[in-house]
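Numbers restart at 1 for each chain; the letters A, B, ... are given by sequence-line order, proteins then strands.
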Number of protein chains: 2
Amino acid sequence: MQSDNKTAAILVIGDEILSGRTREGNAHHLAGVLNAVGIDLKEIRVVADEKPLIIEAIHALDSSVGGRYDLLFTSGGIGPTHDDVTADAVAEAFGVGIEMNDEALAAMRARWEQRGVAVTGNRLRMARIPLGAELIPNKFSAAPGFHIGQTYVMAGVPEVFRAMVDAVLPTLPVGRAPFSESLDLDRGESDVADDLKAVADSYADLSLGSYPWHRDGSYGTMLVIRGLDGARVAAAMAELKQRIGA
Amino acid sequence: MQSDNKTAAILVIGDEILSGRTREGNAHHLAGVLNAVGIDLKEIRVVADEKPLIIEAIHALDSSVGGRYDLLFTSGGIGPTHDDVTADAVAEAFGVGIEMNDEALAAMRARWEQRGVAVTGNRLRMARIPLGAELIPNKFSAAPGFHIGQTYVMAGVPEVFRAMVDAVLPTLPVGRAPFSESLDLDRGESDVADDLKAVADSYADLSLGSYPWHRDGSYGTMLVIRGLDGARVAAAMAELKQRIGA
C-alpha cells in the first residue's frame, strides 16, 4: 500500500511475555489505534527487561537516534521495582542524564498523600525521568510515561497503557487512515489464489491479503483489500467478487 | 537468570498483525512451549509480508547466518497466495535456490486428489521449498513447513502452527526448564519494591519479576521468581514472603 503516512514501531519490554506467562495485548491495541489515524505500524519487537537490549532496539527503531521509523512507542518497564529499567535505558539511548523530575514527583506525592501512602524508597524511582523528556500523564496511576526524541515511553499495565495512548494521540502526526473491505469465504485460499493475484496485479496501489482460518472442523478464507482511495478499494473488491463468483 | 540453555527468537510475518486486524497468538503459544522445555526465548519480532524485511530479520536473528540466537522460529506467509513471500525470502536469506519439492508435492497431490481438488496454478506455490531444507509435516494442511539453517518456518494459521510446533519439538535441543513460583498480592508493587529488590540482590542467579494488575477497580501485584534451581527459587520465595508479611 502506497502512503505518505508516518511510519512507526512498537517496542514491548517484558520478560513475562517472553516466558509465555502473559499474552501481549498492548501492541495489538495500539496497532488498531495507529491504523485508524493513518500512522503505518511497520514493526513490533519484544525484548527482555535488560538495558543493553532496550538501548539497541531504540537505536534501531527511532529515526531521531539513527533508527528506521518516524515514531517509536514502548510498553513496559517503568514501574517502581528493580526490574523496571526502561527509563534508564531510554536515557542512555538518547545520551542524556536521568533525574528526579519535579513535575512527576509533585503529581505522585499529591496522589499518594491523598491515599495515605508513604513516599519513600523505590517508589520514588517512578519519578526518575530522562532529562529533556516531556511527561505523559494518565488517570490510572501516579507514575507518568514520557516522550523524548520520537520515542513515547508508556506503562505495561494494559489500563495504564491505554490511558497513556489516549493522552498522546492528539499530539501525533496523523495521516490518512486506509479504507478496508473484507470478504469471508467458506473456501480454502488455494481456491482463490489465482484470482486474488490477478486483482492484486491490476491494483498495485492497494494491499490485498488472504487469511485462512480453521474453526470447529470447517475452514475458510478472509480476503482483505486495503488502500488510501476508498473508490479503488471498492472497485477492486467488486472485481474480485465477480472473478471468484462470490 | 543464568543458564546454558539454547537461545531463540520468534519472527512473526504478517500485515494483519501490524494493521491491528488480528491479535497475535502463535508467539505466545510457542513462548510457553519453549519455556517448558528449557529453550530461552529472547526476542519476538513482527514484520510485514515483504521480502527485504524478512531477509533482514533472519540475518539478525539466526546465528547460522550471522544472527544472534541459536534458534529461530517463523510464523506466517507460507500459503498459496501472492502475499505469501516467506519461502522465497528464506531462500534468499540463506543464499540458496527455491524449487518445487518432490516430497512436498507428492504429499499435497495425495491429499488434494482425495478431496477432489485440482492441483493447479498458485496452489503449487506451497510445494516450493528452499534447496537443502527439511520438511515439517502437519496433520491439518497439505502444505508443509520447513527447516533450514537454524530457522524453522511454520504456518500462520494457529491450528497449523501448533501442529508444526508439535512436529519439530522432539528434534529441538532442549535444556533445563526453569522452576517458577508466583505470589499474587492485593497490594501495589510500590509497597513491595524495596523487599523485592533486597531478595533479588541476594539471589543474583534468579529472575524476580513484579507484574502489577488492575481488575474491576481493584489492583494488586503478581510476584514471580524463576530459576533453574528449584530449591533456590523456594528459598527466595520464603524469604520474600517473610519480608513482606505474606
Counting heavy-atom pairs under 4.5 angstrom with chain A, the leader among B:I10, B:V160, B:T22 is B:T22
Chain A: which of B:L41, B:V46, B:L30 shares the most heavy-atom pairs with it under 4.5 Å?
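With the most close heavy-atom pairs to chain A, the winner is B:V46.
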Give, as side chain, backbone, both or neither, the part of B:T221 having an atom under 4.5 angstrom from any heavy atom of chain A.
neither
Kindly state each residue pair satisfying ring-ring contact (aromatic ring centres under 6.0 Å, His included) with at least one member in residues 66-88 of chain A, sequence neighbours excluded.
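Checked against ring-ring contact (aromatic ring centres under 6.0 Å, His included) - neighbours excluded - the pairs reaching residues 66-88 of chain A are A:F73-A:Y152.
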Residues passing the side chain to side chain donor-acceptor pair (under 3.5 Å) test with B:R128, sequence neighbours excluded, are B:D88
Test side chain to side chain donor-acceptor pair (under 3.5 Å) applied to B:D166 - qualifying residues, sequence neighbours left out:
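Counting only residues at least two positions away or on another chain, B:D166 forms no side chain to side chain donor-acceptor pair (under 3.5 Å).
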Got a second to check how far [X]'s [atom1] is from [Y]'s [atom2], nearest 0.5 Å?
X      : Y      : atom1 : atom2 : result
A:L18  : B:D40  : CG    : CG    : 10.0 Å
A:Y219 : B:E159 : OH    : CD    : 14.0 Å
B:R21  : A:H28  : CZ    : NE2   : 10.5 Å
A:R226 : B:E16  : CZ    : CD    : 10.5 Å
A:L196 : B:D83  : CG    : CG    : 6.5 Å
B:S210 : A:D84  : OG    : CG    : 6.5 Å

Counting a contact as any heavy-atom pair under 4.5 Å apart, which residues of residues 187-195 of chain B contact chain A?
B:E189, B:S190, B:D191, B:A193, B:D194
Is any NZ, NE, NH1 or NH2 atom of the basic residue among B:E56 and A:R68 found under 4.0 Å from an Asp or Glu carboxylate oxygen of the other?
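Salt bridge flag = yes for A:R68 with B:E56.
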For the CZ atom on B:R176, are there more than 12 heavy atoms of other groups (residues, nucleotides or ligands in this structure) within a distance under 6.0 Å?
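Open: at most 12 neighbouring heavy atoms sit under 6.0 Å from CZ of B:R176.
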With a 4.5 angstrom heavy-atom cut-off, which part of [X] approaches chain B: side chain, backbone, both or neither?
X      : answer
A:V12  : neither
A:L53  : side chain
A:S180 : neither

Answer yes or no: is there a side-chain heavy-atom contact under 4.5 Å between A:H214 and B:V157?
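Side-chain contact under 4.5 Å: yes.
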Under a 4.5 Å heavy-atom cutoff, which of A:V47, A:V224, A:I17, A:D15 has the most pairs with chain B?
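Among the listed options, the one with the most contacts to chain B is A:V224.
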Chain B interface, residue from A:A36, A:S182, A:G25, A:S19 that has the most non-hydrogen pairs under 4.5 Å:
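Heavy-atom pairs under 4.5 Å are most numerous for A:S19.
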May I ask you to decide if A:E24's main-chain N or O and B:R23's side chain share a donor-acceptor pair within less than 3.5 Å?
yes
